[in-house]
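These notes concern the structure reproduced below.
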Amino acid sequence: SQQGEEDPQALSIQEGENATMNCSYKTSINNLQWYRQNSGRGLVHLILIRSNEREKHSGRLRVTLDTSKKSSSLLITASRAADTASYFCAPISETSYDKVIFGPGTSLSVIP
Amino acid sequence: DTAVSQTPKYLVTQMGNDKSIKCEQNLGHDTMYWYKQDSKKFLKIMFSYNNKELIINETVPNRFSPKSPDKAHLNLHINSLELGDSAVYFCASSQGDNQPQHFGDGTRLSIL
């Protein structure tokens with residue numbers, strides 16, 4: 001199994017600022033995925049980065065992956081109030097059908 | 001169109017009762033999951049099915065029994081409900097192993 005550990009646990013920023021959250025994991029991965037959860041809703045997949053990739057962009061999202069440090073970061077640029085949510089990383093093991101254990105996430109508050 | 005739908009959205013019941021939660025996905029995915037999210041936001045996998053076959057069965061009480069009549073459905077039946085079962089239960093699906101998961105909006109179970 002593989003669990004992601006997000007850091008910080010909570011982050012509060014002003015609208016327009018950038019938000020950075022980090023994820024660490026323990027064993028080799030096939031890929032790493034980031035998810036967002038709005039209050040009262042299910043998780044929504046944001047971006048997937050493969051183990052042989054170092055950086056990936058999707059709109060205002062930028063994800064980096066450092067497999068030597070077993071860490072990833074998610075950067076949200078020019079944040080908006082609508083970005084207020086919890087963010088989870090999911091390191092996906094190389095072992096087929098190994099279970100994914102989500103960490104407690106980073107709770108992001110974007111203040112208008 | 002809702003991709004992963006769960007019913008009911010809220011479930012309030014007495015201790016000792018038996019209840020079921022239904023999940024359906026219209027994405028044509030092969031793999032479906034059940035997760036439990038506690039009050040601290042930890043999302044723990046309970047079961048995973050691939051093409052109606054049980055793949056992952058985490059250490060959950062025998063009172064929890066998943067049933068997959070076809071690959072588009074994965075229902076969760078819970079016998080003799082206990083106070084500790086109060087949580088939000090999420091269904092998810094993915095196209096095979098290692099792929100992004102699509103989540104339902106959860107079923108909030110409250111035991112009185």
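Lettering follows sequence order; numbering is per chain, from 1.
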Portion of Gln6(B) that has a non-hydrogen atom of chain A nearer than 4.5 angstrom:
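Gln6(B) has no heavy atom closer than 4.5 Å to chain A.
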
Pick one of side chain, backbone, both or neither for Lys41(B), based on which atoms fall under 4.5 Å of a heavy atom in chain A.
both

Under the ring pair (Phe, Tyr, Trp, His ring centres under 6.0 Å) definition, can you give me all pairs with a residue in residues 45-88 of chain A, not counting sequence neighbours?
Tyr35(A)-His45(A)

Nearest heavy atoms of Phe103(B) and Leu43(A), plus distance in Å:
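Heavy atoms only, the tightest pair is CB-O, 3.3 Å.
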
So, for Pro104(A) and Phe42(B), which heavy atoms are closest and what is the spacing to 0.1 Å?
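Looking at all heavy atoms of both residues, the closest pair is CD-CE2, 3.6 Å.
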
Quick check: are there more than 12 heavy atoms from other residues, nucleotides or ligands sitting under 6.0 Å from [atom1] of [X]?
{"X": "Lys56(A)", "atom1": "NZ", "value": "yes"}
{"X": "Arg80(A)", "atom1": "CZ", "value": "no"}
{"X": "Arg50(A)", "atom1": "CZ", "value": "no"}
{"X": "Glu17(A)", "atom1": "CD", "value": "yes"}

Linked, directly or transitively: [X] and [Y] (ILVMFWY side chains, under 4.5 Å):
{"X": "Ile21(B)", "Y": "Met15(B)", "result": "yes"}
{"X": "Val88(B)", "Y": "Trp34(B)", "result": "no"}
{"X": "Val60(B)", "Y": "Ile78(B)", "result": "yes"}
{"X": "Met32(B)", "Y": "Leu27(B)", "result": "no"}
{"X": "Leu76(B)", "Y": "Tyr33(B)", "result": "no"}

Using 0.5 Å steps for rounding, measure from the CD1 atom of Ile92(A) to the CG atom of Asn98(B).
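Result: 6.5 Å between the selected atoms.
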
Residues of residues 61-70 of chain B contacting chain A, heavy-atom criterion under 4.5 Å, by residue number
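Counting heavy atoms that sit under 4.5 Å from chain A, no residue of residues 61-70 of chain B is involved.
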
Evaluate the criterion side-chain hydrogen bond (donor to acceptor under 3.5 Å, both in side chains) for residue pair Gln33(A) and Gln99(B); output intermediate values, then yes/no.
CA-CA 9 Å; Gln33(A) 300 169 19; Gln99(B) 297 305 305; over 6 Å; no

With a 4.5 angstrom heavy-atom cut-off, which part of Ser86(A) approaches chain B: side chain, backbone, both or neither?
side chain

Contact origin within Leu48(A) toward chain B - heavy atom pairs under 4.5 Å
side chain

Looking at Gln101(B), Lys40(B), Lys9(B), which has the largest count of heavy-atom pairs under 4.5 Å with chain A?
Gln101(B)

Look only at the side chain of Asp105(B) and the backbone of Arg41(A), and say whether a donor-acceptor pair between them is shorter than 3.5 Å.
no

